[in-house]
Amino acid sequence: MSKKIATLITNLFEDVEYTEPAQAFKEVGHEIITIDKQSGNQVTGKNGTTVNIDKSIDEVHPSDFDALLIPGGFSPDLLRDDDRFGEFAKAFIQDGKPVFAICHGPQVLIDTALLEGVDITGYKSIRNDLKNAGANYKDEEVVISNNIVTSREPKDIPAFNRESLKLLARQ
C-alpha cells in the first residue's frame, strides 16, 4: 500500500541523502512531500541538486502522513532554528510512525526530547549531541529503534533504504 512520506528539507541538504531515498520510495509507489518554511520555493543541496518545496510547515499536520524522512547535510541544523520542525517530528515519534533520518538528520530528532533510551546513529560530529539527548549512540551503518531508522553517512544509503522500505512494508 502506498504511503505518504513527509520530508523536512531546506537549503544545503546532502544531495544523495534526499535523492536516493526519495527515488527508492517512489519506485515502490510511495509519495514524497517536501516541506520547508514556505511552499513553492526551490531549495538547493550542497552539490547543486534543486528540489521544489511542496508545502510549508504551516500547511501540513503530521496526521496527514504515514512516515517522515529527514535528509542530512546542513539542512537539519537550519530547520532546527524553527521549533515547528521539531514539534512536527515529535508527533511522528509519539504516534509510532516510521521516522527515517540520515547523517545530520537526527539533529531534528534531538529537539523532540524523545530520544531517551533510543538506539540511534548519525554522523560522528553529532554523536555527543545525540548522547546528551539521552540516546544510545551506535556507530553502525543502520540502526532501527522504536520505528526510527537512522544511518551515518552517504555510504550507508543502501542499508538505510533497505531497512526504511522494510519498515514501510510492515506498516
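These numbers come from a predicted model, not from an experiment.
- In this view, F65 satisfies the ring pair (Phe, Tyr, Trp, His ring centres under 6.0 Å) rule with no residue, not counting sequence neighbours.
- Residues I32 and L168 share a single hydrophobic cluster, defined by chaining ILVMFWY side chains whose heavy atoms lie under 4.5 Å apart.
- Looking at heavy atoms from C-beta onward, D36 lies out of side-chain contact with S56 at the 4.5 angstrom threshold.
- Residue A24 comes nearest to L165 through the heavy atom pair O-CD2, 4.0 Å, listed as atom of the first residue, atom of the second, then distance.
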For side chain to side chain contact (heavy atoms under 4.5 Å, CB included), just list the numbers for L8 and L68, CA-CA rounded to whole Å, side-chain angles, deciding distance to a tenth of an Å, and then say yes or no.
CA-CA 8 Å; L8 300 181; L68 175 65; 3.8 Å; yes
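- Of all heavy-atom pairs spanning V118 and L114, the tightest one is CG2-O, 3.6 Å.
- Follow the hydrophobic side-chain contacts under 4.5 Å out from L130 and you reach I93 in the same cluster.
- Side-chain N or O atoms of R152 include none that pairs as donor or acceptor with a backbone N or O of T121 at under 3.5 Å.
- Between T50 and V43, every side-chain heavy-atom pair lies at or beyond the 4.5 Å cut-off.
- Closest of all the heavy-atom pairs between N136 and G117 is ND2-O, 3.2 Å.
- Around atom CD of Q94, more than 12 heavy atoms belonging to other residues, nucleotides or ligands sit under 6.0 Å away.
- The existence of a salt bridge linking E87 and R84 is excluded, since no basic side-chain nitrogen approaches an acidic carboxylate oxygen closer than 4.0 Å.
- Between atom NZ of residue K138 and atom CD1 of residue I144 there is a gap of 12.0 Å, rounded to the nearest 0.5 Å.
- For the atom pair E153 CD and S125 OG, the distance stands at 10.5 Å (nearest 0.5 Å).
- At least one side-chain heavy atom of Q171 sits under 4.5 Å from a side-chain heavy atom of P98.
- In summary, of the residues considered (L167, L69, N146, L109), a side-chain contact (heavy atoms from CB on, under 4.5 Å) with V99 occurs for L109 alone.
- The two atoms that bring P71 and P76 nearest to each other are O-CG, 3.2 Å, heavy atoms only.
- One distance of note links OH of Y123 with CG of D129; it measures 13.5 Å at 0.5 Å rounding.
- Between the side chain of N132 and the backbone N or O of N128, at least one donor-acceptor pair lies under 3.5 Å.
- Listed here is the closest heavy atom pair of T49 and T19: CG2-CG2, 3.9 Å.
- Partners of N52 under the side chain to side chain contact (heavy atoms under 4.5 Å, CB included) rule, at least two apart in sequence or in another chain, are Q42.
- Counting only distance, with no hydrogens or angles, the side chain of N147 and the backbone of G96 share a donor-acceptor pair below 3.5 Å.
- Taking the side chain as every heavy atom from C-beta outward, D119 and Y137 never approach each other to under 4.5 Å.
- To the nearest 0.5 Å, atom CD1 of residue I35 and atom CD1 of residue I33 are 7.5 Å apart.
- Using a cutoff of 4.0 Å between basic side-chain nitrogens and carboxylate oxygens, K46 and E14 are scored as salt-bridged.
- Using a 4.5 Å heavy-atom threshold, the side chains of I110 and L115 count as touching.
- Of the N and O atoms on the side chains of H104 and S75, not one donor lies less than 3.5 Å from an acceptor on the other residue.
- A side-chain hydrogen bond (donor to acceptor under 3.5 Å, both in side chains) with Q23 holds for exactly one of E27, E20, K26; it is E27.
- Side-chain contact check for I9 versus I53: some heavy-atom pair is nearer than 4.5 Å.
- Note: N41 CG to T10 OG1 = 8.0 Å, rounded to the nearest 0.5 Å.
- Contact check on K37 versus D58 returns no salt bridge, with no Lys/Arg side-chain nitrogen under 4.0 Å from an Asp/Glu carboxylate oxygen.
- Considering CD of E31 and OG of S2, their distance stands at 6.5 Å, rounded to 0.5 Å.
- Side chain of T34 to main chain of T7: no donor-acceptor pair is present (N/O by atom type, distance under 3.5 Å, no hydrogens or angles).
- One hydrophobic cluster, built from ILVMFWY side chains closer than 4.5 Å, cannot hold both L78 and V108; they sit in different ones.
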E59 vs S39, side chain to side chain contact (heavy atoms under 4.5 Å, CB included): CA-CA, chis, key distance, verdict
CA-CA 8 Å; E59 297 174 310; S39 61; 3.2 Å; yes
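- Of all heavy-atom pairs between C103 and G72, the closest is CB-CA, 4.1 Å.
- Y18 and F100 fall within the same hydrophobic cluster, where Ile, Leu, Val, Met, Phe, Trp and Tyr residues are linked whenever their side-chain heavy atoms come under 4.5 Å apart, directly or through other members.
- Under the rule for a ring pair (Phe, Tyr, Trp, His ring centres under 6.0 Å), the partners of F88 that lie at least two apart in sequence or sit in another chain are F92.
- No donor-acceptor pair under 3.5 Å is formed between the side chain of K3 and the backbone N or O of G29.
- Put simply, the side chain of T150 does not reach to within 4.5 Å of the side chain of F160, judged on heavy atoms.
- Using a 4.5 Å heavy-atom threshold, the side chains of R162 and V142 count as touching.
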Test salt bridge (Lys or Arg N to Asp or Glu O under 4.0 Å) applied to K4 and D66, step by step:
CA-CA 5 Å; K4 194 171 179 183; D66 302 299; over 6 Å; no
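- A donor-acceptor distance shorter than 3.5 angstrom exists from the side chain of D15 to the backbone of N47, with no hydrogens or angles considered.
- Aromatic ring pairs are classed by plane angle as parallel below 30°, tilted from 30° to 60° and perpendicular above 60°; the pair H30 and F25 is perpendicular.
- By the rule that hydrophobic residues join a cluster once side-chain heavy atoms approach within less than 4.5 Å of another member, I70 and F85 end up as members of one cluster.
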